[in-house]
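Numbers here simply count residues along the sequence, with the first being 1. All values below were derived from every heavy atom in this structure, side-chain atoms included, with hydrogens, water molecules and symmetry-related copies excluded.
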Amino acid sequence: MIRIATTQYKLEILPSIQDAAIKLEKMCGEASSQGAKLLLLPEYAGMEWIWPNRRSFRENIKYFQESNLNTYQKMLCQFAIKHQLILVAGSVPVLDEEKYYNRTYVATPTGRLSWQDKIHLTPEEKKFGFLKHTNTLKVFKTDFGVFAVCVCYDSEFPELTTQAIHNGADILLIPSYTDSLHGANRVHIAARCRAMENQCFTVNAVALGKVDCEEFDDLATGIAGIYSPIDKGFPENGILAMKQQSQEPALIIADLDLNVMREARRNGQVHNYQDRINPTSVNIEKNVLS
């Protein structure tokens with residue numbers, strides 16, 4: 001059993017990175033005080049550590065790499081250690097070997113820092129002209145189970161998420177930023193579908209609000225939630241916890257019982273996890289109807 005916290009997170013342009021640190025540590029403290037062992041923040045929440053520079057987007061992220069990135073990394077580890085939780089922090093553009101990636105850091109209670117870069121960039125991210133995608137999907141083994149991080153748009157590709165599941169993942173963490181109801185519903189539906197088809201848990205964090213900056217000029221919105229297989233031992237709709245769409249920030253918490261999940265995979269009403277056929281093994285027969 002593991003208690004996980006996710007967020008409907010209000011994005012803000014804060015006066016300084018010290019204010020960003022105070023905001024993040026307060027959230028870590030609230031999650032830890034309620035017994036959570038993992039806290040998930042949404043995609044691009046790390047931008048709050050960039051925006052205080054108040055320059056153009058390119059200038060902001062360049063300054064961040066040179067001046068604040070090390071501080072950001074150290075603070076993530078410090079908060080994870082202090083509050084004894086795995087902190088899956090909000091993503092931020094990071095320069096790595098002369099390429100920028102949309103990077104989600106994962107800090108552990110032992111002070112280890114890892115990350116997952118986004119694999120599928122959205123059309124808007126491609127328009128930036130400098131973000132690159134990765135071809136590597138990581139799985140993270142912990143004392144309570146194995147999880148993978150599928151950054152926003154990545155969750156909408158079943159062939160990708162299935163690779164994580166069949167390489168040991170029990171939980172898919174989905175940090176997201178969407179600026180329309182279309183996007184919010186795509187990620188929400190994807191999270192629930194991935195839980196159903198893989199008989200696993202999925203956890204979605206969303207960003208909220210409008211910030212006055214050149215890169216995000218619409219209202220961030222979404223539906224944060226924690227979802228389960230739709231089978232015996234779980235809610236009939238597969239929703240363990242969910243905050244209905246709102247512009248109010250919230251912490252959403254649920255207990256995930258991995259033993260019940262594994263029993264559903266073995267002896268559930270259906271066996272999606274076991275019965276999936278490799279698409280390349282299916283013969284396609286084309287018919288012309290006239």
Practice task
Kindly indicate, with the supporting measurements, whether the criterion side-chain contact (heavy atoms from CB on, under 4.5 Å) is fulfilled by Ser180 and Thr221.
Solution key: CA-CA 7 Å; Ser180 72; Thr221 187; 5.9 Å; no

Determine, step by step, whether Ile119 and Val151 satisfy the side-chain contact (heavy atoms from CB on, under 4.5 Å) criterion, reporting the C-alpha distance in whole Å, the side-chain angles of both residues, the deciding distance to 0.1 Å, and the verdict.
CA-CA 8 Å; Ile119 294 173; Val151 183; over 6 Å; no

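Between the OH atom in Tyr227 and the SG atom in Cys200 there is a gap of 13.0 Å [rounded to 0.5 Å].
Side chain to side chain, Glu30 and Ser33 fail the donor-acceptor criterion of an N or O pair below 3.5 Å. Neither side chain, Thr178 nor Ser176, offers a donor N or O lying under 3.5 Å from an acceptor on the other.
Gln269 places no side-chain N or O within donor-acceptor distance of the main-chain N or O of Asp231, the cut-off being under 3.5 Å. Although no hydrogens or angles enter the test, the distance criterion places no donor-acceptor pair under 3.5 Å between the side chain of Thr202 and the main chain of Ile171. The backbone N or O of Asn204 lies less than 3.5 Å from a partner atom in the side chain of Thr6, making a donor-acceptor pair. When atom types are taken as modelled, the side chain of Ser67 and the backbone of Phe64 share no donor-acceptor pair closer than 3.5 angstrom. Under a 3.5 Å cut-off, the side chain of Gln65 and the backbone N or O of Ile61 do form a donor-acceptor pair.
Residues that satisfy the salt bridge (Lys or Arg N to Asp or Glu O under 4.0 Å) test with Arg265, not counting sequence neighbours, are absent from this structure. Asn102 is linked by a side-chain hydrogen bond (donor to acceptor under 3.5 Å, both in side chains) to Glu43, Tyr44, Ser91, Glu125, counting only residues two or more places apart in sequence or in another chain.
Criterion: ILVMFWY side-chain heavy atoms under 4.5 Å apart, direct or through other members. Under it, Ile239 and Met261 are not part of a common hydrophobic cluster. The hydrophobic clustering, which links ILVMFWY residues whose side-chain heavy atoms are closer than 4.5 Å, places Ile50 and Leu41 together. Cluster annotation: Leu69 is not connected to Val88 through the hydrophobic network of ILVMFWY side chains, with a link wherever side-chain heavy atoms come within less than 4.5 Å.
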Determine all donor-acceptor pairs shorter than 3.5 Å in which one atom belongs to a side chain in residues 127-136; sequence neighbours excluded.
residue, atom, partner, partner atom, Å
Lys127, NZ, Glu124, OE2, 3.2
Thr134, OG1, Thr136, N, 3.2

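Heavy atoms from other residues, nucleotides or ligands lying under 6.0 Å from CG of Asn267 number more than 12. Within 6.0 Å of the CD atom in Gln34, the count of heavy atoms belonging to other residues, nucleotides or ligands exceeds 12. Applying the 6.0 Å contact sphere to NZ of Lys26 captures no more than 12 heavy atoms from other residues, nucleotides or ligands. Heavy-atom neighbours of Gln274 CD from other residues, nucleotides or ligands within 6.0 Å: above the threshold of 12.
One finds a salt bridge joining Arg262 and Asp170 here, because a Lys/Arg side-chain nitrogen approaches an Asp/Glu carboxylate oxygen to under 4.0 Å. Ion pair Lys82/Glu25 flagged as a salt bridge, since at least one NZ, NE, NH1 or NH2 atom sits closer than 4.0 Å to an Asp/Glu carboxylate oxygen. Salt bridge annotation for Arg103-Asp96: present, with a cationic side-chain nitrogen under 4.0 angstrom from a carboxylate oxygen. Classification of Glu12 and Lys23 as a salt-bridged pair holds, one side-chain N sitting under 4.0 Å from a carboxylate O.
For Phe234 and Phe201, the ring centers are positioned less than 6.0 Å apart.
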